[in-house]
> 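Here it is, the structure, as structure tokens.
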Amino acid sequence: MTGVNPILTGLACRCPVCGRGALFRAYLKLHETCPECGADLRAADSGDGPAVFVILICGAIACFGLLFTEVSYHPPIWLELAIWLPLAVLLCLAALPVFKAVLVTLQFHHKAEEGRLDR
Ligand SMILES: [Zn+2]
């Protein structure tokens with residue numbers, strides 16, 4: 001286990017080893033090595049995990065908001081779609097790097113890796 005808090009480090013999108021270096025070199029592209037400590041980040045693989053969490057959580061928030069405005073204010077459907085569809089997309093785009101960073105830092109914290117057979 002490493003010394004950094006994996007959740008806080010992930011929320012800040014920082015290196016899972018030192019907690020200081022930037023994790024991303026582009027929107028969802030990880031650095032191959034940490035710019036601060038040089039830790040090898042090539043093994044980091046969050047797979048589809050971040051997308052699943054983002055779809056479930058942001059979809060629930062957007063659906064709740066849409067239903068709340070429908071029940072409370074009865075706006076025309078075009079207005080609800082004009083508000084909630086872009087908001088859902090922006091929410092997903094904003095949350096995706098954060099969820100990816102948290103899952104990568106948790107992967108490093110728990111030393112999770114592909115299973116292998118010992119022979
Ligand atoms: Zn580092």
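Keep in mind that the numbers below use all heavy atoms, side chains included, and drop hydrogens, waters and symmetry copies. Order of listing sets the numbers, starting from 1, for every ligand and every atom in it.
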> Suppose the cut-off is 2.8 Å; which protein N/O/S atoms would you list for the Zn ion (ligand 1)?
Cys15 SG, Cys18 SG, Cys34 SG, Cys37 SG

> Where do Val102 and Leu11 land on the side chain to side chain contact (heavy atoms under 4.5 Å, CB included) test, with the steps shown first?
CA-CA 6 Å; Val102 168; Leu11 289 175; 4.0 Å; yes

> In terms of side-chain heavy atoms, does Ser46 have a donor or acceptor partner in Gln107 at a distance below 3.5 Å?
no

> I'd like to know whether CG of Asp48 has more than 12 heavy-atom contacts from other residues, nucleotides or ligands below 6.0 angstrom.
no

> Indicate the atoms forming the closest heavy-atom contact of Thr69 with Pro75, along with that distance.
O-CD, 3.3 Å

> If I compare all heavy atoms of Gly47 with all of Pro50, which pair ends up nearest, and what's the gap?
O-CD, 3.7 Å

> Mind telling me whether Tyr73 and Phe68 have parallel, tilted or perpendicular rings, with 30° and 60° as the class edges?
perpendicular

